[in-house]
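First up is the structure itself, then whatever we jot down about it.
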Protein chains: 2
Amino acid sequence: MRVEPQRGPGGRDDAAGAVFAALADPTRRQVVRALAERETVTASALAGELPVTRQAVAKHLAALGEAGLVAGERAGRETRYRLTPGPLTDAMAWMVDAGARWDERLARLQGRLGG
Amino acid sequence: MRVEPQRGPGGRDDAAGAVFAALADPTRRQVVRALAERETVTASALAGELPVTRQAVAKHLAALGEAGLVAGERAGRETRYRLTPGPLTDAMAWMVDAGARWDERLARLQGRLGG
DNA sequence: TTCACGCGCAACCCGATGGTTGCACAATAG
DNA sequence: CTATTGTGCAACCATCGGGTTGCGCGTGAA
């Protein structure tokens with residue numbers, strides 16, 4: 001699933017799809033939540049508070065990285081991951097575009113995602 | 001187990017997770033898109049313009065229904081499905097809550113989803 | 001009544017994926 | 001140097017899930 005966050009024709013859908021796929025897994029959502037509160041964390045530390053092994057966490061972090069939601073930076077012998085929630089706006093734009101006609105709250109957000 | 005019905009992170013996580021899982025599949029996104037433009041459609045008609053069989057479409061519609069994104073109403077011998085994008089706001093709230101601290105555009109949407 | 005259309009259910013196939021264990025390697029601590 | 005800690009990679013397993021075919025039933029048209 002190699003999806004670069006590009007703005008080409010259909011690129012929005014790909015980016016949004018990658019985000020949806022990444023966030024579809026509950027463990028991955030827990031990872032994102034933990035990352036959202038600690039700002040930066042290692043795979044081992046994350047595995048300490050989740051009911052899965054470090055390798056599983058590493059896989060999830062890699063998956064989130066593919067979607068552009070997470071970036072890792074090696075510092076010495078540990079790798080610190082941090083949240084990069086930019087692609088979330090692509091996913092939100094997709095949803096707003098799909099449902100704006102039916103849901104008033106969504107319609108109200110129409111132009112607010114661009115700037 | 002504390003279940004916060006509205007504002008709790010865990011409460012919306014289920015609904016949001018269901019939405020993410022539903023929208024993770026590309027065919028399902030196509031179904032949503034088609035539904036967003038036609039307002040109401042049958043499974044057979046949908047299968048006519050998608051590269052999958054009617055049964056596959058029916059499965060997808062059922063999956064979308066489980067997530068609360070689609071509702072079907074039987075009219076005579078055909079079933080008309082229509083988009084019910086309400087749960088989308090739950091998913092968007094999850095994303096905003098997760099990424100608001102890092103992304104300025106997301107932060108600006110913080111209070112707008114509740115009203 | 002007869003026939004075609006639309007639908008739902010069930011079985012089946014197979015690739016994708018979340019999770020595990022095991023191991024080899026890099027980097028800090030003693 | 002040695003021990004420890006943190007990673008990354010690979011193999012392996014079990015389950016999930018998207019897709020198909022096949023069948024039986026209800027409904028509407030001829």
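Residue numbers start from 1 in every chain, and the chains themselves are labelled A, B, ... in the order their sequence lines are given, proteins ahead of strands. Note that the structure is a prediction, hence the values are computed from the model and not measured.
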Rounded distance (Å) that lies between atom [atom2] of [N] and atom [atom1] of [X]:
{"X": "B:Leu64", "N": "D:dG18", "atom1": "CG", "atom2": "C1'", "answer": "13 Å"}
{"X": "A:Leu46", "N": "D:dG8", "atom1": "CG", "atom2": "C1'", "answer": "17 Å"}
{"X": "A:Leu23", "N": "C:dG18", "atom1": "CG", "atom2": "P", "answer": "13 Å"}
{"X": "B:Glu73", "N": "C:dG8", "atom1": "CD", "atom2": "P", "answer": "13 Å"}
{"X": "B:Glu78", "N": "C:dC5", "atom1": "CD", "atom2": "C1'", "answer": "10 Å"}

What's [X] touching, base or sugar-phosphate or nothing? Going by heavy atoms closer than 4.0 Å.
{"X": "B:Thr53", "answer": "base"}
{"X": "A:Ala43", "answer": "sugar-phosphate"}
{"X": "B:Arg80", "answer": "nothing"}

Answer whether the closest heavy-atom distance between the side chains of A:Leu69 and A:Leu23 falls below 4.5 Å.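 Contact flag for A:Leu69/A:Leu23 side chains = yes.
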Would the base of [N] count as contacting [X] through its side chain, where contact means a donor and an acceptor less than 3.5 Å apart?
{"X": "B:Arg28", "N": "D:dG18", "answer": "no"}
{"X": "A:Arg54", "N": "D:dG8", "answer": "yes"}
{"X": "B:Gln55", "N": "D:dG22", "answer": "yes"}

As a test of reading the structure: which of [options] is closest to the side chain of [X], going by heavy atoms?
{"X": "B:Arg74", "options": "C:dG18, C:dG8, D:dT20", "answer": "C:dG8"}
{"X": "B:Asp25", "options": "D:dT21, C:dG19, D:dG18", "answer": "D:dG18"}
{"X": "B:Lys59", "options": "C:dG18, D:dC9, D:dG18", "answer": "D:dG18"}
{"X": "A:Arg77", "options": "C:dC23, D:dG26, C:dT28", "answer": "C:dT28"}

Give a yes/no answer on whether the side chain of [X] brings an N or O atom under 4.0 Å of OP1 or OP2 in [N].
{"X": "A:His60", "N": "C:dT17", "value": "no"}
{"X": "B:Thr42", "N": "C:dG6", "value": "no"}
{"X": "A:Thr27", "N": "C:dG18", "value": "no"}

Does CZ belonging to A:Arg38 count more than 12 external heavy atoms closer than 6.0 Å? no
Can you confirm whether B:Glu66 is buried at CD, in the sense that more than 12 heavy atoms of other residues, nucleotides or ligands lie under 6.0 Å from that atom? no
Under 4.0 Å between a Lys/Arg side-chain N and an Asp/Glu carboxylate O for A:Glu37 and B:Arg101? no
Cation-pi check, A:Arg33 to B:Trp94: give yes when NZ or CZ is under 6.0 Å from the six-membered ring centre and within 45° of the ring axis, no otherwise.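 Judged by the rule (NZ or CZ under 6.0 Å from the ring centre, within 45° of its axis), A:Arg33 counts as positioned above B:Trp94.
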